[in-house]
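Here the structure comes first, spelled out in structure tokens, and everything after it is commentary.
What you see is a predicted model; the values in this text were computed from it and never measured. Residue numbering restarts at 1 for every chain, and letters A, B, ... go by the order of the sequence lines.
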Amino acid sequence: MRTVVRVAERVEETPSTVTLRFPYEAPAAPGQFVMVWVPGDDELPMSLSYVNGPRKGVTVKVMGATSRRIQQIGPGDLLGIRGPYGNRFDLSPRRILLVGGGSGAAVLAPAAEAARARGGEVSVALGATRSSELLFRERFSAMGARVEVATDDGSEGHHGFVTEVADRWIADAPFDVVWTCGPEVMMRKVLASAAGRSVPVFCSLERHMKCALGMCDACAFGPFHVCTDGPVFSAEQLTRAEDFGRFHRDASGRRVPL
Amino acid sequence: MRTVVRVAERVEETPSTVTLRFPYEAPAAPGQFVMVWVPGDDELPMSLSYVNGPRKGVTVKVMGATSRRIQQIGPGDLLGIRGPYGNRFDLSPRRILLVGGGSGAAVLAPAAEAARARGGEVSVALGATRSSELLFRERFSAMGARVEVATDDGSEGHHGFVTEVADRWIADAPFDVVWTCGPEVMMRKVLASAAGRSVPVFCSLERHMKCALGMCDACAFGPFHVCTDGPVFSAEQLTRAEDFGRFHRDASGRRVPL
Amino acid sequence: MADLGVECAGMRLGNPFLLASGIWGESGESLAGAVRAGAGGVITKSIGAEPRAGYPNPTIETYSEWGLLNAMGLPNPGIDEYPKEVAIALRAGAPVIGSVFAGDAAGFAELARRMAALGVAGLELNLSCPHAEGFGTEVGSEPRDVEEIVRTVVRSTRLPVIAKITPNTTDPAALARAAERGGAAAVSAINTLRALAINVRLRRPVLAHGLGGLSGRAIKPVGLACVWQIYEAVSIPVIGVGGIATAEDALEYVMAGARAVEVGTAIAFDGIAVFERLSRELSGLLDELGYARLEEAVGAAHPSKGNAAPASAGRGAISGAR
Amino acid sequence: MADLGVECAGMRLGNPFLLASGIWGESGESLAGAVRAGAGGVITKSIGAEPRAGYPNPTIETYSEWGLLNAMGLPNPGIDEYPKEVAIALRAGAPVIGSVFAGDAAGFAELARRMAALGVAGLELNLSCPHAEGFGTEVGSEPRDVEEIVRTVVRSTRLPVIAKITPNTTDPAALARAAERGGAAAVSAINTLRALAINVRLRRPVLAHGLGGLSGRAIKPVGLACVWQIYEAVSIPVIGVGGIATAEDALEYVMAGARAVEVGTAIAFDGIAVFERLSRELSGLLDELGYARLEEAVGAAHPSKGNAAPASAGRGAISGAR
Ligand SMILES: Cc1cc2nc3c(=O)[nH]c(=O)nc-3n(C[C@H](O)[C@H](O)[C@H](O)COP(=O)(O)OP(=O)(O)OC[C@H]3O[C@@H](n4cnc5c(N)ncnc54)[C@H](O)[C@@H]3O)c2cc1C
Ligand SMILES: Cc1cc2nc3c(=O)[nH]c(=O)nc-3n(C[C@H](O)[C@H](O)[C@H](O)COP(=O)(O)OP(=O)(O)OC[C@H]3O[C@@H](n4cnc5c(N)ncnc54)[C@H](O)[C@@H]3O)c2cc1C
Ligand SMILES: Cc1cc2nc3c(=O)[nH]c(=O)nc-3n(C[C@H](O)[C@H](O)[C@H](O)COP(=O)(O)O)c2cc1C
Ligand SMILES: Cc1cc2nc3c(=O)[nH]c(=O)nc-3n(C[C@H](O)[C@H](O)[C@H](O)COP(=O)(O)O)c2cc1C
Ligand code: FES
Ligand code: FES
């Protein structure tokens, strides 16, 4: 059963990223996602970038046809929403490092806010191709997080991979947990930085999704289904899934390299 | 959905009447009935003669094939039960006259008990063909009701119709309500006795039943369905149903004389 | 307040909610009661040539609040007894549709003729009862038979003839096309789905007849698929039936192509007051969606028939439909 | 503790609960996971000759917790990619049944041959998907076609062949008899019911494909009727599927004639842990009813097959069955 929502607000976050806000009552937690149906077009999984209260939001990066189409949606337009689905970040640790690349910040921002609201200390290593693409940079600062940015083109902050910032921080500072979301090669590097140190790492993953109910097997990932066992996985779980960072399944279920 | 119950107890109340007791959790009120399914045989509506607690009961008089078959059921046998269905007696009046003929006492006895438990004064005019067929006579006495009996053959009490006892009482004593159950000719006479006096009368009726859900129309009775609007009807309602005491519908829905 | 009135098979209905055959439909006073409760029209119990007691009890089994199995076995008082019931029903003022069943075309025609003489507004042919031997699906599963029955009936009466189609078939649209060729004024779909319930503690089917028919909310998606396919296949009006319990259910049927709908099992679960609630809620829903008249919404979900957004709809609604 | 083991179509199953095709059945690790969770055997997603992406999303719609509509469109990685998945599944130790679909008999035979070579214990032919054009019901609605497809496949393999029958038909027993004539080792029934859901606010079908198939608790009574009718019509084992969510549901199917059952949609609502729960509860239920072995209950609700009460049953149980 889908709920039809009318988009209330559209915010251009970066040149390639748009947030859509809409009224949606179902309770949700940071880490969870919804299925967003663009009538007449596809339906895609999207992390909730705003989870609290009745006005939820998703933040969409242009990838292909449907995400482009979603970006053209504006106030007054209708979307079909179901969910939220999936698991959530455990908000109990106190000193939290976030490592976000690209649209990965979409799922990390509400998690960071929730952690701050509980009195947690939040540090954010935020990466993007260039300065203008740094997602939710203000939002992280506004919540009182320590933010350090990295850009591929050096237009701002560290010139290079965000994982280099993360690696330095993990080595220097004592964190109780690391949360990361972004390309899987990036997340593999974060895991590598944390390896041998006792800090637990949780990664938010993306896989092709159809049912989001843990039934159709589209999002099969090793012994897991990303839609119900994830999208947040522990480093330990990821060692049991050899596909991590290497393979995903396409719409037909074929295992293809990432 | 039927609940399958195992009969716990069988009591021969009179030569032609048997009570079956069985565990059945659903809450019920005096006046209501259940559908009793004899596996491999028919399913019939039966008033609850015991309504309280988890051990319910029905009291069955031999009429035709199925009621005879029900009487052969004993402890350990299985029945399918659904319900309770229908409306209930309003237990608030204080001085209550009960007029029961034949198996009519089955539905009146639990109503009388409930009224006594609330401190009501209960008088019972109880009729039968002969002394041995007087149903729940002890039960009425045991609850502290005033009981007067009538038998067709004069083997005990008033020799004649129970309605004659009822008529005398209604004329003499001030009752707040009259409840009656038995053949419709009998109940018509009770209504006639009460007519012109201000005492309200409620009759418990029987009609052919199939669904007991107010859907199939088998129990259509004037503008009512006996299964959902009844089986207890007020004198006032009965004046709107010209079939009362005159017609019922057979299994095909034909209106045939009673 | 949106206008719920519809024109269907030559009948003018104040609202699209018809009492489905077999529910509250045996006695004239019950039919009249359904009208008083707000039904836009009523369909009688299916009437045959002779009185029939139907199958022994148990004749029904509920499946939670989601479905109902029945094997009534087409009990009915027979056409000889039926004039007095119809006379009472007619006094309530809404269209009364006479439902009939028979084992062959001649039988249907004879019953239709006699039913028509009673002053009903239309006839519904029960070609679709899944559990009555010699009737229903047994005569309504082959397009050829459906066409012949409908044609024979249509020749014997001037009233609009509605063919009630079974869902227990590979191709409901083929049956509807056959009815259209035969001259039907409308088709209604669906009757119940062939179904069974077993009581494991008693190790036997619950219904005395064994097999029965499933109705209620469980079958709504199946009824919608049939109506959708039939709407694409024929030009005559379609009447939707199966599992309607809310205004939204009804509007799904209308958007799938139904001009009117029938309500049955919901009465068992929600009482006859369901008619009043359905009309009230449907009005509100149409207002919300920007429809001034229910008829504008007929078939609205079919891209193939070029249906557009209601004239009055705002941006959101238009974007939803593009 | 009652013995849940069954012998079905030449396969020995530790319990009667098979993973239904299309649920957790695309990847080898998921199939293995279902075995670990307690499935008596697993059936793969229906595999075709080529990789197929299936229909675009939305591909599913829930209907409260009572049903599920899907129009996946038979997505599958194709038989070329499938050996590695089957290899992983086989390691879990329970029978793996390979499901295949094709547009004609030769296509089925070729896929069956290739699937058989992977070491599966049996084959299930999907003759019954209600929404994939050119496949499923389109090839499985005529007894003649079913017989030809089954016969051609049976000739090309030594494995037991299970024909999966559609409920979207007038006469499921005729399809089952055709499969038996063709040499099927068993029939399974049912696949989903042709169904539709419309979103009235968006004025369009919810599923991208429009029509889909209904599964889940809503269809149990329909599946039971099909299994009942098929059991009366054939001598080969019947595998029941459709809406099983409790041990009592499963036992209804068994008493209607099923030797084994498949579980699909319940996994969406209750998770894969449903297998462990079903076995545990079924054991308890059989104990309560006095059955020492599940196999004694097969067909127990059919008077025609002379089924009797379990030897161990007490008075009440015997009286219930008389
Ligand atoms: C749990 C989860 C959360 C996500 N959250 C976000 C988010 O917050 N913001 C965001 O911009 N994107 C998010 N995505 C990714 C998003 O769902 C799409 O994959 C992406 O928008 C590209 O879609 P497209 O159709 O425009 O691209 P296309 O060009 O059509 O396809 C590009 C790729 O998108 C992927 N894709 C297509 N369909 C699906 C599908 N049904 N499910 C998953 N992936 C698909 C495939 O890998 C495909 O190769 C999330 C994905 C998942 C699984
Ligand atoms: C609300 C209600 C409460 C009842 N309570 C009791 C009770 O407490 N004790 C008791 O002994 N009887 C009760 N009855 C009557 C009972 O249901 C049967 O009518 C009666 O037992 C005769 O059934 P039979 O099949 O043995 O008789 P048959 O010889 O088969 O039939 C005799 C008559 O019983 C009636 N009958 C048959 N089937 C049904 C049916 N499905 N529904 C209603 N009547 C039917 C018909 O009028 C029939 O003509 C009640 C009936 C109703 C409607
Ligand atoms: C108890 C019962 C009796 C029915 N009797 C008839 C009948 O006599 N003739 C007929 O055409 N349909 C009959 N039907 C089918 C209904 O008219 C309707 O097609 C079906 O129940 C689906 O609608 P619903 O889900 O709203 O009940 C009957 C249904 C029920 C539940
Ligand atoms: C999402 C989904 C996908 C399915 N895919 C297939 C399939 O590929 N092949 C097949 O034979 N049946 C398929 N089915 C049908 C199921 O195997 C099963 O027959 C049906 O769902 C009824 O069982 P259930 O109510 O337990 O789900 C699918 C069902 C669902 C819900
Ligand atoms: S999307 Fe279907 S199992 Fe995860
Ligand atoms: S018994 Fe069916 S309406 Fe009363």
Given heavy-atom pairs under 4.5 angstrom as the criterion, report whether the side chain, backbone, both or neither of [X] touches chain C.
{"X": "D:E61", "result": "neither"}
{"X": "D:L69", "result": "side chain"}
{"X": "D:I219", "result": "neither"}

Going by an N to O cut-off under 4.0 Å, is there a salt bridge joining C:R203 and D:E252?
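Answer for the salt bridge query: no.
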
Working to the nearest 0.5 Å, report the span between [atom1] of [X] and [atom2] of [Y].
{"X": "C:L193", "Y": "D:L193", "atom1": "CG", "atom2": "CG", "answer": "6.5 Å"}
{"X": "D:L214", "Y": "C:L224", "atom1": "CG", "atom2": "CG", "answer": "10.5 Å"}
{"X": "D:E288", "Y": "C:R201", "atom1": "CD", "atom2": "CZ", "answer": "4.5 Å"}
{"X": "C:W228", "Y": "D:I198", "atom1": "CH2", "atom2": "CD1", "answer": "5.5 Å"}

Looking at chain C, which one of D:P221, D:P167, D:A195 has the largest number of heavy-atom pairs inside 4.5 Å, strictly under?
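So the answer, after comparing D:P221, D:P167, D:A195, is D:P221.
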
Quick one: which of D:V222, D:T169, D:L211 has the most heavy-atom pairs under 4.5 Å with chain C, could you say?
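Heavy-atom pair counts peak at D:T169.
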
Which pair of heavy atoms, one from C:A301 and one from D:P205, lies closest together, and at what distance?
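Of all heavy-atom pairs spanning C:A301 and D:P205, the closest is O-CD, 3.6 Å.
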
Taking all atoms of both residues into account, what is the closest heavy-atom pair of C:M255 and D:V200, and its distance?
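Answer, listing the atom of C:M255 first, then D:V200: CE-O, 3.4 Å.
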
Given 3.5 Å as the limit, does a donor-acceptor pair link the side chain of D:Y63 with the main chain of C:R217, or not?
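Confirmed, D:Y63 side chain pairs with C:R217 backbone.
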
Main chain of C:T170, side chain of D:R194: is a donor-acceptor contact present, judged purely on distance under 3.5 Å?
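Indeed, once roles are kept as given, a pair shorter than 3.5 Å links the two residues.
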
